[in-house]
Amino acid sequence: MPQAAPDRYDVLVVGGGINGAGIARDLAGRGWRVLLAERDDFAAHTSSSSTKLIHGGLRYLEYYEFSLVRKALQEREVLLKSAPHIMWPLRFVMPHDAAMRPAWMIRIGLFLYDHLARREVLPGSTGVNLRTSPVGKPLKPSYTRGFVYSDGWVDDARLVLLNALDAREKGAELLTRSMVTAVQRDAEGWTATIATPTGERTVRTRALVNAAGPWAESFLRGIARPARGEALATKSLRLVKGSHIIVKRCFEHDHAYIFQNPDKRIIFAIPYEGDYTLIGTTDVELPPDALAGATPETRKARIDENEIAYLCEQASRYFAKPVTREDVVWSYAGVRPLLDDASGDPSAVTRDYLLETNTQGAPLLSVWGGKITTFRKLAEDAADMVGGMLGQGPASGRKPWTEHAHLPGGDLSSWIGAAQRPDTDFERLVAAVLKRHAYLPPALARRLSRAYGARISRVLGGAASLAELGQEVAPGLFDIELRYLQREEWARSADDVLWRRSKLGLHYTEAQRAAVAAWFETNTVGKD
């Protein structure tokens, strides 16, 4: 029996983190036939382990990264407007410590931060008297003055999911739990072998995008094969682990803190999930093979006790009530794939990205570095370059389109009318949801609005009462939502739901988390 011809695509994207999902979305929106393959779950590693900020990177000004900061600042409001349900403005308090940096230096930095890019939504920086302001109450009395400035917050894992959803709705095919095991280049294209949950697939693609994040270098050195003897990997990555701790809420107000440390680094203390404070991050360099595990669990980065002690110590330099090891209720770690620029200090390694093209055969584009705030611009640049290598760049009509586009659920107009401000628009959405679905408890309505935005009715279907949401598998998590996540958002396990598509795992007991795991064991894909 003759072997079936391989499926054909214009572009194969390897990697389902924020850059891979963003690139797949942009390319699909320009009409390219796109296939994305992710070895684990979307945002299973770096892209769900960030500090969850949409920010310009105030501290990068000290390293003269003006271009990166300006690019990131330009993107803040673009992103906030695209998905106000998962991103919102956040004010940051910087207590002044004269031993760290003089006040005049901070004022100059904040002036630049306010003016390097246009602001429409975010207010500018200002000084604050910590002796009289509520934001000074949680701090030690020795901190009497400070500064307040604006950035943004993002649910990082859901940002990846929304890009993946948009890519699929624009025609891309996306595979999770599917490892690209071999890629062979020839003059006309690439032949890729993909191990999927249902068996091995062979596909042909005209171009290849390597967006494997921390594995981008090892992918080129170990899996991708050139047509001839040329080396595909010409750059090196530095793997820098950033770890975070979650503690019970350290303060009552809605601002975040940025703390300057004696080692010239900074950490953030951010309101998190209502009842908690998120503190991070560290910078710990890892060996190149640190993530060479055979399973998703062994590929995961993990915080160590030294990092926990560091974060507790640095936060305790500022908070009146010390943060101790016993206060830590959860932690997570991710690995930043930073382009090796020969810097001796991991904190000083550039967070900017480099898109490298290789046309010594079928087109190849590799993504080196990057940060979550600039993912959309990175994806736009990548799509321009891939289109150019395929002979149809922006001039051919396949033009950039994402700058003014909403992510799925981000266009709230059907619920609230014309947009005003991302933060107030969301509150208007919650009010509208409570009016249309009056049976929902307010906390549940808010959580579902945060997760799904204008698409909340797709989750709830035609339900007119709590009973019609089905079994309450765990507090506030009903059968109808789990089925939606399984059917529409590639959820295949309890961890997918509890730690990425939501953070409900943080609020649940071990028994409640086990109940969600049992639901997935009973309700596998394709089984009623």
Side-chain angles (χ1 to χ4, degrees), residues 11-24 26-27 36-39 43 45-47 49-50 57 60 63 65 67-69 71-72 75 160 163 180 183 185 190 207-224 226 230-242 283 285-292 299 301 334-360 362-389:
V11 187
L12 169 62
V13 179
V14 179
I18 187 59
N19 290 332
I23 291 169
D26 197 309
L27 287 166
L36 181 148
E38 162 55 43
R39 177 171 51 178
H45 300 289
T46 303
S47 294
S49 302
S50 75
Y60 304 146
Y63 299 106
E65 295 257 19
S67 175
L68 170 62
V69 173
K71 184 161 46 182
E75 285 297 296
V160 178
N163 276 270
V180 177
V183 187
R185 185 189 213 175
W190 299 83
L208 177 67
V209 172
N210 169 24
W215 296 274
E217 182 181 352
S218 61
F219 173 78
L220 292 183
R221 297 190 188 280
I223 294 175
E230 75 273 13
L232 295 177
T234 62
K235 308 291 182 187
S236 295
L237 288 175
R238 289 177 69 172
L239 304 183
V240 177
K241 181 175 60 166
D283 277 314
E285 191 145 12
L286 298 179
D289 60 351
L291 303 178
R299 285 191 286 273
V335 175
R336 310 179 193 98
L338 305 181
L339 187 63
D340 192 352
D341 61 0
S343 173
D345 178 4
S347 300
V349 181
T350 181
R351 266 53 172 177
D352 209 349
Y353 60 82
L354 174 69
L355 302 176
E356 182 186 27
T357 59
N358 182 314
T359 54
Q360 298 177 27
L364 165 67
L365 183 139
S366 291
V367 179
W368 304 103
K371 60 197 298 280
I372 200 165
T373 305
T374 53
F375 89 88
R376 188 207 63 83
K377 183 59 178 170
L378 180 154
E380 184 176 85
D381 292 345
D384 287 348
M385 295 166 77
V386 170
M389 289 190 290

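In this structure, CG in Asn19 is found 13.0 Å from CZ in Arg376, a value given to the nearest 0.5 Å. Rounding to the nearest 0.5 Å gives a distance of 6.5 Å between OG1 of Thr374 and CG of Leu68. Within the model, atoms CG of Leu378 and CD1 of Ile18 stand 10.0 Å from one another, a figure rounded to the nearest 0.5 Å. To the nearest 0.5 Å, the span separating OG on Ser366 from CG on Leu232 amounts to 8.0 Å. Put simply, CG on Leu286 and CZ on Arg238 are 11.5 Å apart, with the number rounded to the nearest 0.5 Å. The CD atom of Glu356 lies 9.0 Å from the CG atom of Leu339; values are rounded to the nearest 0.5 Å.
In summary, Asp283 and Arg336 engage in a salt bridge, as defined by a charged side-chain N under 4.0 Å from a carboxylate O. Glu217 and Lys235 are not joined by a salt bridge, as no carboxylate oxygen comes within less than 4.0 angstrom of a charged side-chain nitrogen.
When every heavy atom of Val367 is checked against every heavy atom of Ala216, the shortest pair comes out as O-CB, 4.0 Å. Scanning all heavy atoms of the two residues, the minimum distance from Gly213 to Leu237 falls at O-CD1, 3.5 Å. Shown here for Asn163 and Gly22, the closest heavy-atom pair between the two residues is OD1-CA, 3.6 Å. The nearest pair of heavy atoms linking Ala382 to Leu365 is O-CD1, 4.0 Å. Residues Ala72 and Lys371 approach most closely at CB-NZ, 4.1 Å, considering heavy atoms. Nearest heavy-atom pair across Gly17 and Glu38 is N-OE1, 4.3 Å.
Between Met389 and the options Val11, Thr357, Asp384, Leu364, a side chain to side chain contact (heavy atoms under 4.5 Å, CB included) holds for only Thr357.
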Go through the steps to decide whether Phe375 and Ile23 satisfy the test side chain to side chain contact (heavy atoms under 4.5 Å, CB included), and finish with yes or no.
-> CA-CA 9 Å; Phe375 89 88; Ile23 291 169; over 6 Å; no
Trace of the side chain to side chain contact (heavy atoms under 4.5 Å, CB included) decision for Val183 with Arg185 | CA-CA 7 Å; Val183 187; Arg185 185 189 213 175; over 6 Å; no
Verify side chain to side chain contact (heavy atoms under 4.5 Å, CB included) between Trp215 and Val14, making sure each step is shown before the conclusion.
-> CA-CA 10 Å; Trp215 296 274; Val14 179; over 6 Å; no
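Not counting sequence neighbours, the partners of Ala43 by the side chain to side chain contact (heavy atoms under 4.5 Å, CB included) test are Ser47, Ser48, Ala157, Val160. In this structure, the side chain to side chain contact (heavy atoms under 4.5 Å, CB included) partners of Asp381, at least two apart in sequence or on a different chain, are Tyr353, Leu355, Lys377. Pro214 is linked by a side chain to side chain contact (heavy atoms under 4.5 Å, CB included) to Thr46, Leu239, Leu291, Val335, Pro337, counting only residues two or more places apart in sequence or in another chain. Residues passing the side chain to side chain contact (heavy atoms under 4.5 Å, CB included) test with Ser49 are Tyr332, sequence neighbours excluded. Not counting sequence neighbours, the partners of Lys71 by the salt bridge (Lys or Arg N to Asp or Glu O under 4.0 Å) test are Asp352. With sequence neighbours left out, Arg39 forms a salt bridge (Lys or Arg N to Asp or Glu O under 4.0 Å) with no residue at all.
Considering only heavy atoms from C-beta on, Trp368 stays 4.5 Å or farther from Leu338 through its side chain.
Looking at Trp190, its side chain does come within 3.5 Å of a backbone N or O of Pro363 through a donor-acceptor pair.
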